[in-house]
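Here's the structure, in structure tokens; my notes come after.
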Amino acid sequence: MKRRDLCVLSNDHSKQSSRHLQGVITMQYDFINIEKKWQKIWDEKDIFAYEGRESNKPKYYMLEMFPYPSGKLHMGHVRNYSIGDVVARYKKRTGHNVLHPIGWDAFGLPAENAAIENKTAPAAWTYANIEAMRKRFKQLGISYDWKREIATCTPEYYQWEQQFFIEMYDKGMVYRKKAEVNWCNDCNTVLANEQVENGVCWRHGTVVEKRKIVQWYFKITDYAEELLSELDNLTGWPDHVKEMQRNWIGKSTGTYIDFPIDGSDKKVTVFTTRPDTVMGVTFASLAVEHELTDFILEQAENREEIQEFIDEVKELHANTHDDDYEKKGVFTGLYLLHPLNGEKVPLYFANFVLADYGTGVVMAVPAHDQRDFDFAQKYNLPIKAVIKPADKELELPLKEAFTDAGVMFNSGEFDGLTTAKGKKAVTYSVSEKGIGKKGVNFRLRDWGLSRQRYWGTPIPMVYCEKCGIVPVKKEDLPVVLPEDISFSGVTSPLKTLESFYKTTCPTCGGEAKRETDTMDTFVESSWYHIKYCDPHSTDRPFNPDEVNHAMPVDNYIGGVEHAVMHLLYTRYFTKVLADLGYVNFREPVKNLLTQGMVCLESYKMDGGYLYPEEVEQKEGKFLHKESGKEVIVGRKEKMSKSKKNVVDPVTLIEKYGADTARLFVLFAAPPERDLEWSEKGVEGSNRFISRLWNIVVKNSELITTLAAVAEPTEGKELHRKTHETIKKVSEDIEKAHFNTAISAVMELVNDCYRFTPKSDQEKAVLAEALRIAIALINPFVPHITDELRTLCNLDGIESMQPFPLWNEKALTRDEITVVVQINGKLRDRYQVAPTVTREEIESIVREHDYTKYLKSGEIKKVIYVPGKLVNIVG
RNA sequence: GCGAGAGUGGCGGAAUUGGCAGACGCACUGGAUUUAGGAUCCAGCGGGCAACCGUGGGGGUUCGAAUCCCCCCUUUCGCACCA
């Protein structure tokens, strides 16, 4: 049993084993001190400082999603920030003015929970965590411009958010309403729609309750159209993220049609995406929350039955998150009049009609909508077919709804029109009559941002008995969140802290009460990347010139879990800031990379999870060490505490060094794919670093003294390989193919090992190859490469050197290999001059006897792909 | 159900304007060195004795397909009564 998982090791073990590693593999490679040394130098020389808009270099804004300061670094962080760092360092070395900032998404629930547990103040807890995490980030050697660090929980940050809120309020972009909301009992607060996944809280997995609460809303729906259409221009975003946003926004185009209520001067309006089915309407369905409900109850004969049904549906909506419940309804007692044929259409309450989508009333066409079909069957309502397939008749009676497009029939003047034409014709017809119009509906809802919590940005509003709801005056901002508190209760202390909520009205000066809800933390993360561009302005949110210069973010890296929530909010907020006149761009992120999760298999026994150290492998079986029972090896899943399959990066860094950790997470998988953790793989990465170290140390004299020969006559292959590698690595980093960039450098180093220089020129070629290898791998493993450069007595710091450029001439070959295929199968190869012509190749082909491979015994045709391949057909 | 990805050696993964399948790494095997090896260096490593066969399965286009087209299977993710 040789397997030694990192996570198996306690601290003691890990120290032991690094001693072991230093003593044996890495006698000369003392990563602990080397990494500390260079981190200190980078810090002191401030070499990763962004130069601002005055710089004449092209700007490059490299951003990784900022972390929540939990205090603990996890493997996902290592991956996320290592990816960003390679690009940032590469761009710096290719002559860019790189903005690569970091900060803390510092408001949020965990701080409150910790505070309740430990009876401390959330602020103190948060700042201590930030300290701890900053140390870890520095330990990873990420090239941040630390002077731009921000924490969203400081008034210096959130005051501007309060200012934006007030300006949005003044422009009618924020409003307050009482509505059914998603309530998480673990969060003890409301969640936005985006934060509910399949009926459960995105963070806790607890079932979300429905509650009716007064909340503040951002009118994100005003931007629905732009948020949707602009996706087409985001060519640097992965398609699946754009698709998820499209689905979330959920635009549907259709028609509004008025249906008068029989025997009343009232009417209801329906929204339909299938106006071509309008003549098939046999009833209509109403949401129980509809405004017409009171009117119906007033005059209904079966009032009790209706009330019972309404209660039942409300109960259902509040407590069921399974969408598969039976379609039920009750007759309202009202009839609508069909606007085109005058027929009486019974109006039903139905449990599946959503109050907040469309108009809350649906025209029911049972023949062409499955839900309506089910409903009609249950309540014996007529089913009238009006659309048939283009090429055949419908089989009647229908066994299920025919929902495809087709041709209209049974529809009077519209008969014979296709679905596409019929939609237009019906819409035209109702708008002519003034009883309908074309319209659009979105699935996207307004962003409910109130949180009934303490640790967040106070919403800067005041309630005055005389003047109503009044925004805080801008000159009175910030509304400071009192930090020096500790609490044990569940409710927000703001609600009981008189010194906070008691205030005077900004308008009349009389007694008034502050809003005690705070903002959703997604508000902070919607504009932090903008604040980074000018983090220290105190008289305004930021200098727009700096922001307009640095933005948009050229490359944004983070988890795909934010594809809808954060990335939609931040796009929205950017548009708002543009409309408030703060910035001159409307999309915040040019290129987006969503990185995969870090996964590891888990071990399960008797329904519980086991830590890897509790498991051993014998004869291909996994056994519980203590009991000897067989263990179930789980699927490779995202590392999580609950599955006990977490590897602690700090242990990893202490055992192998930051360079190894970085190299491994970049090498083991392409960034967008899930990464499978492998202790053996880590060792492999560590081995490469040692190999690089050893060969450079061995040849350090040559590297110091021998300048590269531009066009060597000896050692040409290694020279060519060197320049091919520069090209490959440069192109791969640009394409975010970090794993193949690393493998290219590994190849070069392998070639160096195999190369024994026999002349001065060959020595110079080897020296060049090694210098280049150091330079190319530096963005991945910056500490060891900075050390190696110094060790070779070369001037300057490797991390600051211009990235190598390849020499096109060095890539040319004296001889090329042309592959010979016969009927598509590889049979031979020719070594020929690169200038070889088709005629020359054909004559070489005819010099050979390939008859045994030829089906017909003779060459019928020769296909030549210049410089690559010749295929003989015959 | 709808939508978007993915499927390649024992494993992670290369190769995508169609042109040498399996780069690089892990594991494994052999050799060198060593008191020793869980270190290091060198070499081998898809299957098959071979002809040949091989990129989830089946068809197709093509001189040529992992790559393009059609059907199917498996799998991951997102959405899911949105009228």
Side-chain angles (χ1 to χ4, degrees), chain A residues 2 4 20-21 23-27 197-198 238-248 250-252 254 270-274 277 284-285 287 323-325 327 350-354 356-365 368-372 374-375 441-445 560-561 563-564 596-597 635-636 663-664 667-670 672-685 687-688 690-691 694 728 737 739-747 749-750 753-754 817-829 860-865 868-874:
Chain A
K2 298 283 187 271
R4 286 191 315 178
H20 168 78
L21 282 169
V24 183
I25 316 174
T26 55
M27 199 138 7
E197 295 169 347
N198 293 322
D239 289 335
H240 68 277
V241 172
K242 288 189 275 188
E243 202 52 35
M244 282 164 76
Q245 294 215 348
R246 277 188 201 107
N247 289 341
W248 190 264
K251 178 179 178 174
S252 54
V270 302
F271 176 73
T272 178
T273 54
R274 288 295 301 271
T277 65
S285 325
D323 289 328
D324 210 20
Y325 50 81
K327 286 164 190 51
N351 62 355
F352 60 89
V353 178
L354 306 175
D356 56 354
Y357 183 80
T359 58
V361 199
V362 186
M363 65 175 219
V365 186
H368 305 295
D369 181 288
Q370 194 56 44
R371 289 158 305 181
D372 296 341
D374 296 345
F375 196 90
N441 251 294
F442 292 94
R443 185 184 170 281
L444 181 73
R445 306 292 145 84
V560 72
E561 65 273 23
V564 174
M597 299 177 295
R635 206 162 51 83
K636 296 188 169 83
L663 191 69
F664 172 73
F667 178 63
E672 64 282 358
R673 229 187 281 185
D674 283 353
L675 182 147
E676 197 181 302
W677 182 260
S678 152
E679 175 76 11
K680 286 291 183 196
V682 175
E683 285 173 14
S685 295
R687 191 170 305 141
F688 167 71
S690 301
R691 274 166 71 78
N694 290 335
K728 169 92 175 139
H737 292 184
N739 52 337
T740 51
I742 294 166
S743 77
V745 181
M746 285 174 168
E747 282 183 50
V749 171
N750 287 347
Y753 265 89
R754 287 186 204 111
T817 304
V818 170
V819 170
V820 183
Q821 290 184 344
I822 296 167
N823 292 323
K825 283 199 176 127
L826 178 69
R827 298 296 183 185
D828 206 349
R829 291 160 202 274
K860 287 184 181 157
K861 197 174 167 188
V862 175
I863 288 143
Y864 178 55
V865 182
K868 275 189 176 170
L869 169 145
V870 56
N871 192 12
I872 302 159
V873 187

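Chain letters run A, B, ... following the sequence lines, proteins first, then strands; residues in each count from 1.
Nucleotides G58(B) and A65(B) have their C1' atoms positioned 15 Å apart, rounded to a whole Å. Going from the P atom of C52(B) to that of G1(B) covers 46 Å, rounded to whole Å. Nucleotides A15(B) and G60(B) place their P atoms 30 Å apart, quoted to the nearest Å. Comparing U55(B) with C20(B), their C1' atoms sit 15 Å apart, to the nearest whole Å. With both ends at atom C1', the span from G54(B) to G9(B) equals 10 Å, rounded to whole Å. For the C1' atoms, the distance linking C71(B) with U61(B) amounts to 15 Å, nearest Å. A gap of 39 Å separates the P atoms of G37(B) and A51(B), to the nearest Å. With both ends at atom C1', the span from C45(B) to C11(B) equals 14 Å, rounded to whole Å.
Backbone-only engagement by Ser252(A) is indicated by non-hydrogen atom pairs under 4.0 Å involving sugar-phosphate atoms exclusively. Contacts of Val873(A) with the nucleic acid, taken as non-hydrogen atoms under 4.0 Å apart, involve only primed sugar atoms and P, OP1 or OP2. At a threshold of 4.0 angstrom between heavy atoms, the contacts of Gln821(A) include nucleobase atoms, whether or not backbone atoms are also involved.
When all heavy atoms are compared, the tightest approach of His368(A) to Thr277(A) is CB-CG2, 4.0 Å.
Closest contact between the side chain of Glu747(A) and the listed nucleotides A23(B), G19(B), G13(B) involves A23(B). In this structure, the nucleotide among G78(B), C52(B), A83(B) sitting nearest to the side chain of Arg827(A) is C52(B). Distances were taken from every side-chain heavy atom of Val819(A) (C-beta onward) to each of C41(B), C20(B), G78(B); the shortest belongs to C20(B).
At least one side-chain nitrogen or oxygen of Lys825(A) sits closer than 4.0 Å to the OP1 or OP2 atom of C53(B). Under 4.0 angstrom from either OP1 or OP2 of C41(B) there lies at least one side-chain N or O belonging to Tyr753(A). The side chain of Arg673(A) contributes an N or O atom lying less than 4.0 Å from OP1 or OP2 of A14(B). When the side-chain nitrogen and oxygen atoms of Arg443(A) are compared with OP1 and OP2 of A80(B), one or more of them lie within a distance under 4.0 Å. OP1 or OP2 of G78(B) has not a single side-chain nitrogen or oxygen of Arg246(A) nearer than 4.0 Å. The shortest distance between the side-chain N/O atoms of Asn739(A) and the OP1/OP2 oxygens of A14(B) is below 4.0 Å. Put simply, Asn750(A) has a side-chain N or O that comes within less than 4.0 Å of OP1 or OP2 on G25(B).
Helical stems in RNA chain B, defined as runs of 3 or more consecutive Watson-Crick or G-U wobble pairs with donor-acceptor distances under 3.5 Å: B:1-7 with B:73-79, B:10-12 with B:24-26, B:28-32 with B:40-44, B:56-60 with B:68-72.
Rounded to whole Å, atom P of C79(B) lies 14 Å from atom CG of Leu444(A). Protein atom CG of Leu826(A) is 16 Å distant from nucleotide atom C1' of A65(B), rounded to whole Å. Counting to the nearest Å, the P atom of G38(B) and the CZ atom of Arg687(A) are 12 Å from each other. Distance, Glu676(A) CD to U75(B) C1': 15 Å, rounded to whole Å. Put simply, CZ on Arg691(A) is 13 Å from C1' on A39(B), counting in whole angstrom units. Computed from coordinates, the Asn871(A) CG to C63(B) P distance equals 10 Å when rounded to whole Å. The nearest whole Å value for the distance from the CZ atom in Arg754(A) to the P atom in C41(B) is 12 Å. C63(B) atom P lies 12 Å from atom NZ of Lys860(A), rounded to whole Å.
Taking the syn range as angles within 90° of 0, the glycosidic angle of G9(B) is syn.
Residues Asn750(A) and Arg691(A) have side chains that bring a donor and an acceptor to within less than 3.5 angstrom of each other.
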